[in-house]
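Notes for the one structure printed next.
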Amino acid sequence: MIELLGIPPQALFGQLLLGLINGAFYAILSLGLAIIFGLLNIINFAHGAQYMLGALASWVLLNYFGVNYWWALLLAPIGVGILGVILERLLISRLYHLDHLYGLLLTFGLALIIQGLARNQYGISGLPYTIPSQLAGGQNLGFMFLPNYRGWVVVASLAVCLTTWFVIEKTRLGAYLRAATENPTLVGAFGINVPRMITLTYGFGVALAAFAGVLAAPIYSVNPNMGADLIIVVFAVVVIGGMGSILGSIVTGFGLGIIEGLMRVFYPEASSVVIFVIMAIVLLVKPAGLFGRTA
Amino acid sequence: MADAALATRPQAASRADALLTVRDLEAWYGESHVLHGINFDVRAGEVVTLLGRNGAGKTTTLKSIMGMIAKRKGSITFEGKELMHSPARYVAKAGIAICPEERGIFSSLSVEENLMLPPKVREGGLTVQQIFELFPNLKERLNSQGTKLSGGEQQMLAIGRILRTGAKLLLLDEPTEGLAPVIVQQIGHTISRLKNEGFTIVLVEQNFHFAASVADRHYIVEQGRTIDMIENRDLQANEGKLHAYLGV
């Protein structure tokens, strides 16, 4: 077979696919963070833990209740989203009048508690989750082998990201959300229930994280620390895309995943730091992020 | 104490047929006490202005009526209903709408989205078609970003969007600020039209000549208190007094 730039195509496309998969998770998670940050002005440090809860919930649903993957894909985000709503009402909403730092500390503490509880209950060795039978196997595309489940992850993430983008940018509900992000007091003075909108937005952002967690369960083993490892990179993605930018977080998420994948082919030593190097450069050149609006 | 409270109540402030009644309104921004006793009434169909120097508390009065100020006391009744303890969204649903001083056009929304943003609270608002008749400029720029409009167009959008909702009482905060004379004139015509359509308007203005051309009555606000009320027809006779109040 032909080689591209001295790299066998199987290796190149294999890493590209891996990059795309990672990018899919970056995109969904940074999208949720962006929505939450936009309206609540809180950096949701519990996002990684909530992603892990999604994966864990799908495992628990399967092993204790016999609920299959497809139902878990629906039920786990709803359940974890409801937990998010409760956290927002009970704890986070008490901090809106304080400095951002308090929200960060609270959600960071929540992340530690959630991860600690999961570790205590399920250990850290990782729980296996089998790929659903409908998505087992793969396709030989000639230039590479594409496992069906990985293809599904990319398609499902793209669909969820684009649907979310569409709702926020093109619908009446999205207009309320964008307006409340800019000036919640005035939106309230138009008769719109802003506190309820904030609660539901947090719930939705958390549900997105849990959805990513369910998608991830069959790829990575379900592990209490799976979110903590990933979320550091996701924060870098959010900073690069621009805090609070919806489209920015989607494009940057997928883009950086691919760059990371390519880096693993061409210069593997740098693959784990490339995102942070890009973050440093973006912060120096365009502190508001690639898609961020400067106030 | 009782005397002090009485002193802040201009004559003719008590009317049985008032749509809006504000009594002994006080308000705070954090620790700082901004309103010390605002008293006025607005009858249905009237245009009433709040006149006063910068920082007298006119904007704060409008925001307090709307429920946008967290710490306030006194009494605000609209159509006989007490609104003092209602959050802004209930005040909006009761039929009061505000056009804020900074206009409050959302930059992440198109002109059309800005226009359609406030939900309908009652029947009887203007149709979108009627709003376009008042402000033809808006129709041509529906897909522009809200804040890409000129200052005058943004003001029209800020007024236009609250006409749709069915709100009966409009609180307009310095709608002519920083606008070209020809646009000020257009806003003046609009306010007269709205009055004819049956809207009731509370107007905060620095532009005294503009205020005199559209209003029925004027309340003078000084250091967070209403200190006088002048009927528009008595304006000429009270010119000296007014100059002393406003320093113009």
Side-chain angles (χ1 to χ4, degrees), chain A residues 31 34-35 37-41 93-99 164-201 241-250 288-289 291-295, chain B residues 29-30 59 62-71 83 86-122 125 143 145-147 157-158 160-167 169-171 173:
Chain A
L31 178 63
I35 296 172
F37 179 77
L39 193 59
L40 283 75
N41 254 320
S93 61
R94 295 169 197 274
L95 302 179
Y96 293 142
H97 63 287
L98 296 174
D99 192 87
T164 305
W165 173 84
F166 180 84
V167 170
I168 292 177
E169 295 296 334
K170 302 290 170 198
T171 66
R172 170 67 71 98
L173 184 69
Y176 287 161
L177 195 77
R178 277 174 284 140
T181 298
E182 278 187 54
N183 188 344
T185 315
L186 185 57
V187 171
F190 286 152
I192 296 164
N193 190 340
V194 176
R196 188 176 64 196
M197 202 157 82
I198 288 176
T199 304
L200 292 178
T201 300
M243 274 304 210
S245 162
I246 302 303
L247 190 62
S249 57
I250 300 174
F291 296 82
R293 256 189 281 251
T294 16
Chain B
Y29 282 117
T59 295
L62 293 194
K63 285 188 172 171
S64 300
I65 295 170
M66 202 67 225
M68 295 164 84
I69 303 277
K71 195 175 171 194
L83 294 178
S86 306
R89 62 175 189 275
Y90 292 118
V91 178
K93 284 178 186 154
I96 306 181
I98 191 165
C99 170
E101 186 178 8
E102 70 286 354
R103 294 176 191 137
I105 301 303
F106 298 98
S107 69
S108 57
L109 273 62
S110 68
V111 171
E112 185 173 17
E113 285 174 323
N114 266 291
L115 184 61
M116 303 308 286
L117 187 77
K120 223 176 177 180
V121 293
R122 285 189 191 182
N143 295 317
Q145 185 186 336
T147 44
L157 180 54
R161 70 180 168 191
I162 58 173
L163 303 179
R164 258 188 49 250
T165 64
L169 174 66
L170 309 180
L171 311 177
D173 197 348

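These numbers were taken from a predicted model, which means no experiment stands behind them. By convention in this document, chain letters (A, B, ...) are assigned in the order of the sequence lines, proteins followed by strands, and residues within each chain are numbered from 1.
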Between B:P87, B:A97, B:G67, B:A88, the one whose heavy-atom pairs under 4.5 Å with chain A are most numerous:
B:A88
Closest non-hydrogen atom pair between A:A189 and B:A92, with its separation
O-CB, 3.3 Å
Taking the side chain as every heavy atom from C-beta outward, state whether A:R172 and B:P119 have any atom pair closer than 4.5 Å.
no
Any chance you could measure B:R89, atom CZ, to A:R196, atom CZ, to the nearest 0.5 Å?
8.0 Å
Euclidean distance, B:K93 NZ relative to A:F190 CZ, rounded to 0.5 Å
14.0 Å
If one checks every heavy atom of A:P184 against chain B at 4.5 Å, the contacting part turns out to be neither
Option that, when pairs with chain A are counted at under 4.5 Å, heavy atom only, ranks first among B:N114, B:L117, B:V121
B:L117
What do you reckon, is NZ of B:K71 surrounded by more than 12 foreign heavy atoms closer than 6.0 Å?
yes
Shortest non-hydrogen contact from B:M68 to A:T185?
CE-CG2, 3.9 Å
With a cut-off of 6.0 Å (strictly less than), are more than 12 heavy atoms of other residues, nucleotides or ligands near CZ of B:R122?
yes
What option among A:T181, A:V194, A:N183, A:N193 has the most heavy-atom pairs under 4.5 Å with chain B?
A:N193
Which value, rounded to the nearest 0.5 Å, describes the distance between A:L186 atom CG and B:R103 atom CZ?
13.5 Å
If one checks every heavy atom of B:I105 against chain A at 4.5 Å, the contacting part turns out to be backbone
Let me confirm one number: the OG-CZ distance from B:S107 to A:R178, rounded to the nearest 0.5 Å.
10.0 Å
